Amino acid sequence: VTVTGETTDAPLWGVGSYHDGTRVVAWPISQAEMDRDLRAGARVVAELGIGPGGRVLHCSMLSEAGQFWPLVVGTMLAGAQLSCADATAGEAARVAMFLRRLPYDAVLGLTPALLDGLGELRVDPAELLAGVRVVGARPGAAARLREAGLAPHDLVLCGPALAVARAPGEPARVDTDEWELDTDGDTVVVTSRRPRTRRFARTPTGARGVVVDGALVPAA
Amino acid sequence: VTALPAADSVYFDAGAETMSRQELDALQWSLLEEMLPHAYEHAPLVRATWNAAGVTPRDVRSMDDLRERVPFVSKDAIRRFRDERGDPFGGLLAVPLEELTAVMSTSGTTGDPTLVPEQWGRGRGPAALARDFWGMGVRPGDHVSLVLFTFRGPTYGFVQGMGGVPLLFDFKPDEMRRLAEASLEYRPTGLYNFGSALIHAMAEACDAAGLDPTDVFASYRGVVFAGEPLGRRSRAVAEAWGVELFEHTGVGDAMYAFECSRHDGLHYWEDAVLVEALAPDGDAPVPDGERAELVATTLFNRVAPLVRYRSDDLVRISRERCACGRTHGRVWPIGRKGDEVVVAGRSVLPLDVWDAIEGVDACARGLFQVVRTAREADVLRLRVGYAPAWAARLGPVHDDVCGAVEAAVGVVPEVELVEDAALLRLGPPHKIPRVAAR
């Protein structure tokens, strides 16, 4: 692995955040980094089969914009429409509202908290998501959705990188031009492969699982 | 504007922000001449409402015609149209569905969230937030802390558009430690959105981390609160840290208004919206400065055009030039018409009891609801939240709340005390419906 250095004077797109295994920390992202990530995000959206006329509901937090903005832009570039909701229990009503009022091709980023919120509202996720072709679920939510009879794609935040399975049951992949995943025990660590404002070198992410051929099989 | 103004410019868009009243009137009418036929032709609810009133765009040839002939639209009418016709956009969508970029939603604090269709990159209105943040002191190259939900989409774009760098945080109390640390590291100049729950959480986070809030906020030129009012107690906590607070309010999802550095009302941008102040119980215009219901007509939103939208918001407005030099109107929010309770002939709105409740130590977070079964009531019923540490002393808390409310509005309330957490579960996190039906 070639760990590249930090670039400290590039214009910033913004300051997002990532989880380093113990806490959430600030993550400065340059415009150049984001431009590269946007191109990768567009490829992910295309590989999920989302195109013109489609509609995607993104479930994420503002602090996760550094990881999710590439998918949001990718949705627009694909000619699909997008909607957004926080990935919290309190936003379950909004998620249910969107899915009842409009057809969606994909819902990306479902969390255990959102499923808890749907449960409090007595909304059956299997019924709510029955017509959604691509369900991207985070660790903890994916297993519950499988138990409910759905076939979610694994979607895992690996620190600054977002790993997305292109099909149900497949490992979740990051943009390998930018990131390399490995494990330290069963904890996923991440390394940046190109110049970034903040350098990552086997940085813990809090994600758990096994890395196979650079892709992540998340822990159950 | 096509380029960013000089850093020492008082205004982001001086030409637009200080244009004369005559120029504003002329601009509004020219925009309405485009908007009204578009809304009638393409928005099913607008067309149905106008047809029922026997009005077409050809009948509206002046601002007077608009005021005298064009029928109103209300939130209830939009929801009714949505439910009766199965139209998810409530009859407001005025462009082909396939041309939308995004479908976002309202907060849903007062009921079901409603869909907000958007078409990015086309027919954009004035750079309202950039004008407001510039006026607050934010400049290109500055960092700006955003503490927000995502349901309105990537709101950080306006910061990037004015050459700033957004620092991104979730709208959650447990983000305050991180906000404090990032503020010390990046020295941002603006913060949006910092309401009562977050102010108290910041105080606790700084206390726990051994940080001095005065130092944390030293770089900020302005801190914005939005979504609901800020009580006197919470305001005092933030101001003691040296924070200059600015209020930002949405009015009936139809328009926005933002306090300027003079803190004498909230400016609404009249090149984005036509505002009318009408009698709350009728259609007659109300003079500036008097209590009125705000009625709004969009001048730029061709995607979902609201025309003469009765917002249910009680306000005072002024069209006098502000001491800041801007000519656009100002609004002073009073409350929502549907929230008013009349007890023994006295009108009571949530804002009237806010400071009184928040002033009781156990209720410092200002979490409360007016229980309203009808506009007229024999008793003022309040549901008031308390911090768990006070659970063993609820008798005195109850008496203090009753006494404070009576002193504020002259009515002895019937008070139900519940834990803060029980109220926080009722609405979008950290912002709750201020009126409950039971």
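Just so we're clear, the structure is a prediction, and the values are computed from it rather than from any experiment. Protein chains get the first letters and strands the later ones, always in sequence-line order, with residue 1 at the start of each.
The line from CG of A:L12 to OH of B:Y186 is 7.5 Å long, rounded to the nearest 0.5 Å. In this structure, CZ on A:R23 lies 10.0 Å from CZ on B:R178, to the nearest 0.5 angstrom. Atom OG1 of B:T150 is separated from atom CD of A:E64 by 9.0 Å, given to the nearest 0.5 angstrom. Separation of atoms CG (B:L100) and CG (A:L102) is listed at 9.0 Å; rounding is to 0.5 Å. Rounded to the nearest 0.5 angstrom, A:S63 OG and B:F169 CZ are separated by 9.0 Å. With rounding to the nearest 0.5 angstrom, the OG1 atom of A:T88 is 12.0 Å from the CZ atom of B:F171.
Here the closest non-hydrogen pair linking B:T114 and A:R101 is CA-NH1, 4.4 Å. Between A:Q81 and B:L97, the shortest heavy-atom distance links the atoms NE2-O, 2.7 Å. Nearest heavy atoms, A:L62 versus B:L168: O-CB, 3.5 Å. Contact record, B:G153 with A:C84: CA-SG, 4.2 Å, taken as the closest heavy-atom pair. In this structure, A:R94 and B:P113 approach most closely via the heavy-atom pair NH1-CB, 3.8 Å.
Here B:L148 is the residue among B:V116, B:T155, B:L148 with the most heavy-atom pairs under 4.5 Å with chain A. Between chain A and the options B:V147, B:V103, B:V165, heavy-atom pairs under 4.5 Å are most frequent for B:V103. Note on A:G53, A:S17, A:G16: by heavy-atom pairs under 4.5 Å with chain B, the leading option is A:S17. Taking B:V159, B:T101, B:L167, B:L115 one by one and counting their heavy-atom pairs under 4.5 Å with chain A, the maximum is reached by B:T101.
Contact of A:A26 with chain B is made through backbone and side chain together, with heavy-atom distances under 4.5 Å. Looking at B:R177, there are no atoms closer than 4.5 Å to chain A (heavy atoms on both sides), in backbone or side chain. Of the two parts of A:R100, neither the backbone nor the side chain holds a non-hydrogen atom closer than 4.5 Å to a non-hydrogen atom of chain B. Heavy atoms closer than 4.5 Å to chain B are found in both the backbone and the side chain of A:M61. Heavy atoms of B:E185 lying under 4.5 Å from chain A belong exclusively to its side chain. With a threshold of 4.5 angstrom between heavy atoms, B:E98 approaches chain A through N, CA, C or O but not through any side-chain atom. Interface residue A:V25: only backbone heavy atoms are found under 4.5 Å from chain B. Residue A:W13 touches chain B through both its backbone and its side chain, counting heavy-atom pairs closer than 4.5 Å. In this structure, chain B has a heavy atom under 4.5 Å from the backbone of A:A80, while its side chain stays farther away.
At most 12 heavy atoms of other shown residues, nucleotides or ligands fall within 6.0 angstrom of atom CZ in B:R85.
For the pair B:M104/A:L82, a side-chain contact is recorded, criterion being any heavy-atom separation below 4.5 Å from C-beta on.
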